[in-house]
Amino acid sequence: MSEWLVLTLAMAAACAVVLVIVVLRHRRTSTDYDTSETPDVMEYMTMMIGVVYAIVLGLAIAGVWEARSAAQDHVRAEAQALHEVHERVRVYPAEERKRIRDDVTAYVGHVVNAEWDVMTDSGEMTDRGDELLTRLRNDVTDYKPRDDFQAQAYQPLIDQVALADDARGNRADSADATMPGVVWFGLISGGLVTVGLIFALQIRRTARELILAGLFSALIAFLLFLIWDFDAPYSRGIAATAEPFEALFPGARD
């Protein structure tokens, strides 16, 4: 099911539930019921709960967006480190240079064509990716520089492989959802309470009030969907992509 369809259905359902409850509540209210009086304490509590929930929503959205940005940064750092290895190894003899570049190409091709799909589906990395990166590390570290020029490039190459390994670990850590279940419980229950407070304000069945109630409930549903959409940085909505790998290694995608 498309995420846009999920969003549309969620917002429509939220509006429908609120409007149906308002209409049913109005029908069951006696004709002599005074809807113009609302206790001041009720208005104050409604306002404060709304403000607190708005702050919580804002923090949640900022948190998942920051996690999504960090996930893309991990991908960019990994791709850049591997690109540096691919380019800096040019000072090595032809045989060693080809071996290391083939290792880099094989690893990047596996990440783009195979591991990325596994990561987005299950949130896990592949054993094959670990093997390819280990082979790259071994080929880089096992080489013995033959002159001072190669010796100067040797340590930076090892450092770049270490950076790629660290970025890969960070990418693995970012693959799972970032919001704990208890936070989701608070967000959903807080949304229900906030929308439910509409009925505490003696809302009537006028067109203006029904439209505002529907829009308010749809807004809450949209913000919760937005948090859910950003919660998995690599697999939903505006997700982090493998574009840095594809940009630095144009032939990586089959």
Side-chain angles (χ1 to χ4, degrees), residues 1-26 38-75 119-125 169-204 209-241:
M1 183 181 293
S2 171
E3 294 180 0
W4 290 106
L5 179 58
V6 172
L7 173 60
T8 302
L9 293 177
M11 294 177 65
C15 290
V17 170
V18 170
L19 295 180
V20 167
I21 293 177
V22 170
V23 172
L24 293 177
R25 181 171 177 268
H26 180 77
T38 299
D40 292 339
V41 65
M42 187 66 69
E43 293 182 353
Y44 175 78
M45 291 176 60
T46 302
M47 178 186 67
M48 291 305 300
I49 292 175
V51 170
V52 171
Y53 187 65
I55 294 174
V56 172
L57 279 177
L59 292 175
I61 293 173
V64 294
W65 178 256
E66 183 179 356
R68 186 265 176 199
S69 300
Q72 188 66 62
D73 290 340
H74 298 327
V75 177
M119 183 182 65
T120 55
D121 292 338
S122 63
E124 298 179 354
M125 314 298 277
N170 291 331
R171 176 162 61 89
D173 294 337
S174 302
D176 294 327
T178 57
M179 300 291 287
V182 65
V183 177
W184 273 114
F185 174 79
L187 290 173
I188 294 175
S189 59
L192 293 175
V193 170
T194 303
V195 173
L197 287 175
I198 295 176
F199 310 115
L201 297 178
Q202 300 177 352
I203 185 173
R204 293 171 296 180
E209 289 174 308
L210 290 178
I211 290 174
L212 289 177
L215 290 177
F216 179 73
S217 59
L219 176 63
I220 296 296
F222 170 75
L223 293 176
L224 290 175
F225 173 85
L226 190 65
I227 296 172
W228 173 82
D229 199 42
F230 287 155
D231 192 29
Y234 295 113
S235 58
R236 299 189 197 127
I238 309 177
T241 66

Notebook entry, point to check: Does Ile227 reach the side chain of Leu57, with side-chain heavy atoms less than 4.5 Å apart?
Noted result: yes
Spell out, as yes or no, whether a donor-acceptor pair under 3.5 Å connects the side chain of [X] to the backbone of [Y].
X	Y	result
Ser189	Gly186	yes
Tyr53	Leu187	yes
Ser174	Arg171	no

Checklist line | Shortest non-hydrogen contact from Met119 toward Ala175 | finding: CG-CB, 3.7 Å
Next item on the list: State, to 0.1 Å, how close Met179 and Asp231 come at their nearest heavy-atom pair, and which atoms those are.
Entry: N-OD1, 2.8 Å
Quick check for you: to the nearest 0.5 Å, what is the distance between [X] atom [atom1] and [Y] atom [atom2]?
X	Y	atom1	atom2	result
Ile220	Thr194	CD1	OG1	6.0 Å
Met47	Ile49	CE	CD1	11.0 Å
Trp65	Asp229	CH2	CG	10.5 Å

